[in-house]
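First the structure, in the form of structure tokens, and then the observations on it.
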Amino acid sequence: MEHKIQLLEREKWQNHEAYFSDYADSCYCMEISHADGSFLVEMRKTPLESRKIIKYPQRLFASEDSTVKAWGVVDGGQLVAGIETSIEAGAKSPRLYVSLLWVDEKYRRQGLAAALVDKAKQRAAAENLRAVYLQTWSCNEHAIAFYLSQGFRLIGFDSCPFSNEDAEKFNVPLKLGFFL
């Protein structure tokens, strides 16, 4: 079944809530060591003792940023997939930021996420931006695998945004980027 991707209007879709949900059987375990004036960072995919459920709400057009654009797939009046992007503010050589990518569970594995990511890449190219980047979590193994399959690569991380034990809890935000 083919679905049409359309530009979403802020007025119609602002604050539309979509629940991202997935699970993880493995997470990326992070080890950081310091020796001889060097840093060594290793992230190894490690099986979990029990499945981790990942679920959180996301809202379209929650930001007032005028550069925000979103695309989605509407089926029967319902938004079933979407991506939201914005242009990085204040950078000398700005990048396109993907703040949201979501596909309803019933519509997964149909190529919608890849088509939506292509929209982001097309926007970045059309606006002469140098890269597309996003953030996901070290425990979001399916999203990481998907983004890597789309040509993204690790460009950074924050090992302790919430607590000093975030790395041990597999709660590390990873920044992934695609260079144009």
Side-chain angles (χ1 to χ4, degrees), residues 17-60 62-63 70-73 79-86 88 91 95-121 124 129-180:
E17 191 170 76
Y19 274 90
F20 176 85
S21 63
D22 204 355
Y23 65 89
D25 292 319
S26 297
C27 288
Y28 284 84
C29 178
M30 177 179 288
E31 293 183 32
I32 303 173
S33 59
H34 312 266
D36 301 323
S38 298
F39 296 102
L40 178 63
V41 178
E42 182 177 16
M43 292 183 202
R44 179 171 294 148
K45 192 172 181 182
T46 306
L48 295 170
E49 291 179 17
S50 61
R51 178 170 278 177
K52 181 176 178 135
I53 304 301
I54 305 164
K55 188 171 188 169
Y56 55 89
Q58 296 182 320
R59 291 187 185 275
L60 277 170
S63 166
W71 290 265
V73 175
L79 185 65
V80 298
I83 190 167
E84 182 181 86
T85 64
S86 61
E88 183 177 40
R95 304 171 293 178
L96 189 71
Y97 177 61
V98 175
S99 54
L100 177 152
L101 175 63
W102 161 81
V103 178
D104 183 275
E105 289 181 51
K106 293 177 256 171
Y107 291 82
R108 292 183 186 165
R109 306 239 182 268
Q110 297 178 30
L112 296 179
L116 289 166
V117 166
D118 283 345
K119 285 288 185 190
K121 291 175 182 177
L129 303 175
R130 63 185 173 90
V132 177
Y133 78 105
L134 54 88
Q135 178 175 286
T136 190
W137 300 93
S138 57
C139 63
N140 199 343
E141 68 175 314
H142 299 127
I144 294 167
F146 167 74
Y147 291 125
L148 293 175
S149 78
Q150 298 301 303
F152 285 75
R153 61 186 183 192
L154 181 69
I155 60 171
F157 62 90
D158 182 349
S159 64
C160 61
F162 305 110
S163 77
N164 293 342
E165 294 81 35
D166 288 337
E168 292 80 10
K169 296 176 182 176
F170 306 112
N171 201 26
V172 175
L174 304 178
K175 291 192 185 329
L176 302 176
F178 177 86
F179 302 140
L180 300 172

Ring geometry between His142 and Tyr23 (parallel below 30°, tilted from 30 to 60°, perpendicular above 60°): perpendicular
Pro57 versus Tyr19, closest heavy-atom pair with distance: CB-CE2, 3.6 Å
Shortest non-hydrogen separation from Ala24 to Ile54 and the atoms involved: CB-CD1, 4.2 Å
4.5 Å side-chain heavy-atom contact, Trp102 and Leu116: no
Gln150 to Asp118 - nearest heavy-atom pair and separation: OE1-OD1, 4.5 Å
From CG (Asp158) to CG (Asp166), nearest 0.5 Å: 8.0 Å
Flag side-chain contact, heavy atom, 4.5 Å: Ser99 against Ser63: no
Side-chain (Glu84) to main-chain (Leu60) donor-acceptor, under 3.5 angstrom: no
Spacing of Leu134 atom CG and Lys175 atom NZ [to the nearest 0.5 Å]: 9.5 Å
Heavy-atom side-chain contact between Tyr97 and Tyr133 under 4.5 Å: yes
For the student: nearest non-hydrogen atoms of Gly151 and Phe178, plus distance: O-CD1, 3.5 Å
Gap between atom CD of Glu165 and atom CG of Asn171 - 0.5 Å precision: 11.0 Å
Residues Phe20, Trp137; criterion ring-ring contact (aromatic ring centres under 6.0 Å, His included); working and verdict: CA-CA 13 Å; Phe20 176 85; Trp137 300 93; over 10 Å; no
Non-hydrogen side-chain atoms of Ile83 and Leu100 separated by less than 4.5 Å: no
Side-chain donor/acceptor of Glu105 to backbone N/O of Ser21, under 3.5 Å: no
Shortest non-hydrogen contact between Glu17 and Arg59, atoms and distance: OE2-NH2, 3.0 Å
Atom pair OG1 (Thr85) and CH2 (Trp71), whose distance is rounded to the nearest 0.5 Å: 4.0 Å
Table please: side-chain donor-acceptor pairs of residues 28-43 below 3.5 Å, with sequence neighbours left out.
residue, atom, partner, partner atom, Å
Glu42, OE2, Arg44, NE, 3.4
Glu42, OE2, Arg44, NH2, 2.2

Evaluation steps, side chain to side chain contact (heavy atoms under 4.5 Å, CB included), between Leu79 and Val73: CA-CA 6 Å; Leu79 185 65; Val73 175; 5.8 Å; no
Partners meeting side-chain hydrogen bond (donor to acceptor under 3.5 Å, both in side chains) with Glu88 (sequence neighbours left out): Arg95
Non-hydrogen atoms of Ala120 and Val98 that approach each other most closely: CB-CG2, 4.2 Å
Nearest-0.5 Å distance, CG of residue Asn164 to OG of residue Ser159: 9.0 Å
CG-OG1 distance between Leu154 and Thr136, expressed to the nearest 0.5 angstrom: 11.5 Å
Candidate pair Lys106 and Val80, rule side chain to side chain contact (heavy atoms under 4.5 Å, CB included), full reasoning: CA-CA 8 Å; Lys106 293 177 256 171; Val80 298; over 6 Å; no
